[in-house]
Amino acid sequence: MKILSDYHVHSSFSGDSSVSPEAVIEQAISHGLQHLCLTDHMDYDYTDGDVCFEFDPREYFRRLQPLKEKYRDQIDLCIGVELGLRPYLSGRHHSLIFSYPFDFVIGSIHLVNNRDPYFPSYFEGRDESGAYLEYFQCALQNLRAYSNFDTFGHLDYVVRYGPNQNRFYSYERYREILDEILRTLIRRDIGLEINTGGYRHGLEEPNPCREIIKRYRELGGRIITFGSDAHDPLFLGYQFDRAAALAKECGFTSYYIFRRRKPQELPL
Ligand SMILES: [Zn+2]
Ligand SMILES: [Zn+2]
């Protein structure tokens with residue numbers, strides 16, 4: 001089955017996108033998507049650089065909710081958020097997601113000790129594998145602090161930006177910590193996102209990489225979600241066929257979408 005659900009998409013409510021929600025939705029319709037979840041960035045206290053990654057949730061719902069209705073005959077629009085996790089933000093995240101009727105919540109790591117691997121300075125003056133390991137340690141620490149979200153976003157995001165990207169990177173190299181992360185996700189019923197932004201960044205793999213997806217399955221993980229992480233609607237559904245084939249090879253026969261935080265299984 002073709003995947004017609006993109007569950008990680010940004011609009012102008014994100015500090016790094018300038019495309020209106022309406023334009024994203026209309027492109028999604030012309031791409032033939034049946035389900036679209038807007039997941040704009042909410043990174044409280046993002047201090048690495050000048051961009052603000054917070055939106056006003058009241059305004060977000062005021063603007064998006066009527067669009068569900070407006071486009072209902074053409075696409076199933078859901079309203080989500082991508083939380084930028086940091087252990088001390090648990091309380092704020094909790095109150096945000098219980099104050100508004102989000103359909104879907106992604107938990108992602110963008111900042112590691114106040115620095116975003118997106119910027120080369122994150123890697124300066126240290127070896128790449130140590131920088132990757134620090135990212136995974138931060139992911140585990142965050143998961144232990146807060147886990148009320150539906151899927152874990154781009155688990156090896158850091159690899160997109162390493163000086164050698166995935167040339168010397170493998171699941172095996174970080175097996176111990178990655179297994180601990182995957183087991184924690186499974187125990188807490190949190191999905192693993194297959195983020196096709198990895199293909200766009202030249203990794204020839206999604207984030208996380210194939211071996212991690214396979215391992216999640218081996219350990220008993222069932223819930224996978226697909227997201228393009230498009231900040232430009234040109235990339236909606238980007239390489240979903242390739243990602244779906246990979247998920248099947250890893251042993252998955254279904255994937256999930258969410259509505260009002262309830263999972264719905266769809267065949268792969
Ligand atoms: Zn992200
Ligand atoms: Zn994103």
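In each ligand, atom 1 is the first atom listed, and ligand 1 is the first ligand listed. Scope of the values below: all heavy atoms of this structure, side chains included, with no hydrogens, waters or symmetry mates. Only a predicted model underlies this, so the values are computations on that prediction, with no experimental measurement involved.
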Query raised in the report: Is there a donor-acceptor pair closer than 3.5 Å between any side-chain N or O of N164 and the backbone N or O of R167?
Result: no
Requested in this report: Would you please indicate yes or no on a ring centroid separation below 6.0 angstrom for Y7 and H35?
Outcome: no
Query - Worked verdict on R210 versus E249 for salt bridge (charged side-chain N to carboxylate O under 4.0 Å, His left out) - result: CA-CA 9 Å; R210 171 199 203 90; E249 285 161 24; 2.4 Å; yes
Query - N, O or S atoms of the protein lying under 2.8 Å from the Zn ion (ligand 1) - result: E82 OE2, H110 NE2, H154 NE2
Requested in this report: Give a yes or no answer on whether the side chain of N207 reaches the backbone of G198 with a donor-acceptor pair at less than 3.5 Å.
Outcome: yes
Report task. Kindly say whether D150 contributes a backbone atom to a donor-acceptor pair with the side chain of Y256 at under 3.5 angstrom? Result -> no
Query raised in the report: Between the main-chain N or O of D48 and the side-chain N or O of N114, is there a donor-acceptor pair closer than 3.5 Å?
Result: no
